[in-house]
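Heads up: the structure comes next, in structure tokens.
Both ligands and their constituent atoms are indexed starting at 1 by order of listing. Just so you know, these numbers use all the heavy atoms, side chains as well, and skip hydrogens, waters and symmetry mates. Not measured: the values here are computed from a predicted model.
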Amino acid sequence: MSETVYIGIDLGGTFVRVGAFDQQGEMLAVDQAPIEARRGPRAGLARIISLIETMLAKLASQGKRYELAGIGFGSTGPVYPKTGVIDNPYTLPTWENVSIFEPLHERFGAPLTLENDADVAALGEYWMGAGRGVKRLYAVTVGTGIGAAFILDGRIYRGVNGAHPDGGHQMIDPSGPQCYCGLRGCWESLASGPAIARQARARIGERPDSLLLEMCSGDAAQIDARMVAQAAIQGDSLAASVMEHAAEHFSLGVANIIILFLPDRIATDIDVMVPARQVRIVPAQLGDYAGLYGAAWSVIQKVNGTSL
Ligand SMILES: [Zn+2]
């Protein structure tokens, strides 16, 4: 007898991850590769298909028989879940109006889903992580941007026309830095990794004795968020001030979410300074794999007739 296997895909601006899961949520295999978006969507999709083929072949070589029952795709947005189209030239240059359903269906013939990456990360935490069994889960993921998604009764909360409400672009400071979305002082332009690096670079002149200058070998353009966090831990006052500033802005965004949604739980990969009485703020549990779990679960739901 063969066992069913589901593939979850998490496509970001730099890497694509692929994971194989059973229906109970056990991750059977995981792999990743650079996406090199500039080489074009055709090359990118060929790479993704080859990652899946290699993974299925490896699983088959372990003696059990596996049958591919579905592929769930999570991608940095904008994405169109109904038509299976990714339209994201911002973080995936050249990926404009790209159908991912067509080539995947042609090669594998299995049921497919496509969701925004913040939504699949939240779904993953709901399925197998920090939000298990919770009626109202809000998930916040900080990286190159801020991903924010709301899961209500186990389903992705969708806006008008099925669009993903982009909580990462809630306005925190109208006099803040210009964001690529057109607004000023968005949450992710103040509290994401690149925002922290940008603020440290802009303020490095205030403190010629800062540890950061040593860390970047005198080239301020090389400063990244990881360096700023490390320098802050080592007691560097400039780095600590930049981190504190970002943390304050991050907490303002979380406070807005609490006011607007009053979720049972907020799962996040960042420490928060908001005093919350009813809402539990908990660390996310699945780390870099949250999106893979959620993508797999979205297609498991589809196969089982529970539309998200
Ligand atoms: Zn924005």
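For the residue pair Asn88 / Thr76, a side-chain donor-acceptor distance below 3.5 Å is found, with atom types taken as modelled.
Excluding water, every protein N/O/S atom under 2.8 Å from the Zn ion (ligand 1) is given here by residue and atom: His169 ND1, Cys179 SG, Cys181 SG, Cys186 SG.
Classification of the Phe150-Phe261 ring pair by plane angle, with boundaries at 30° and 60°, yields tilted. Using bins of under 30°, 30° to 60° and over 60° for the plane-to-plane angle, the ring pair Trp127/Tyr293 lands in the perpendicular bin.
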Just list the side-chain donor-acceptor pairs under 3.5 Å for residues 243-250, sequence neighbours left out, or say none.
| from | atom 1 | to | atom 2 | distance (Å) |
| --- | --- | --- | --- | --- |
| His249 | ND1 | His245 | O | 3.2 |

Quick one: side chains of residues 160-170, donor-acceptor pairs under 3.5 Å with protein atoms, not counting sequence neighbours, listed by atom name and distance.
| from | atom 1 | to | atom 2 | distance (Å) |
| --- | --- | --- | --- | --- |
| His164 | ND1 | Asp119 | OD1 | 3.2 |
| His164 | ND1 | Asp119 | OD2 | 3.0 |
| His164 | NE2 | Ala148 | O | 3.2 |
| His169 | NE2 | Tyr180 | OH | 3.4 |
| Gln170 | OE1 | Asn256 | ND2 | 2.8 |
| Gln170 | NE2 | Gly253 | O | 3.3 |

Return a table of donor-acceptor pairs under 3.5 angstrom between the side chains of residues 211-223 and protein atoms on other chains or two or more places apart.
| from | atom 1 | to | atom 2 | distance (Å) |
| --- | --- | --- | --- | --- |
| Asp219 | OD1 | Ala221 | N | 3.3 |
| Asp219 | OD2 | Gln222 | NE2 | 3.2 |

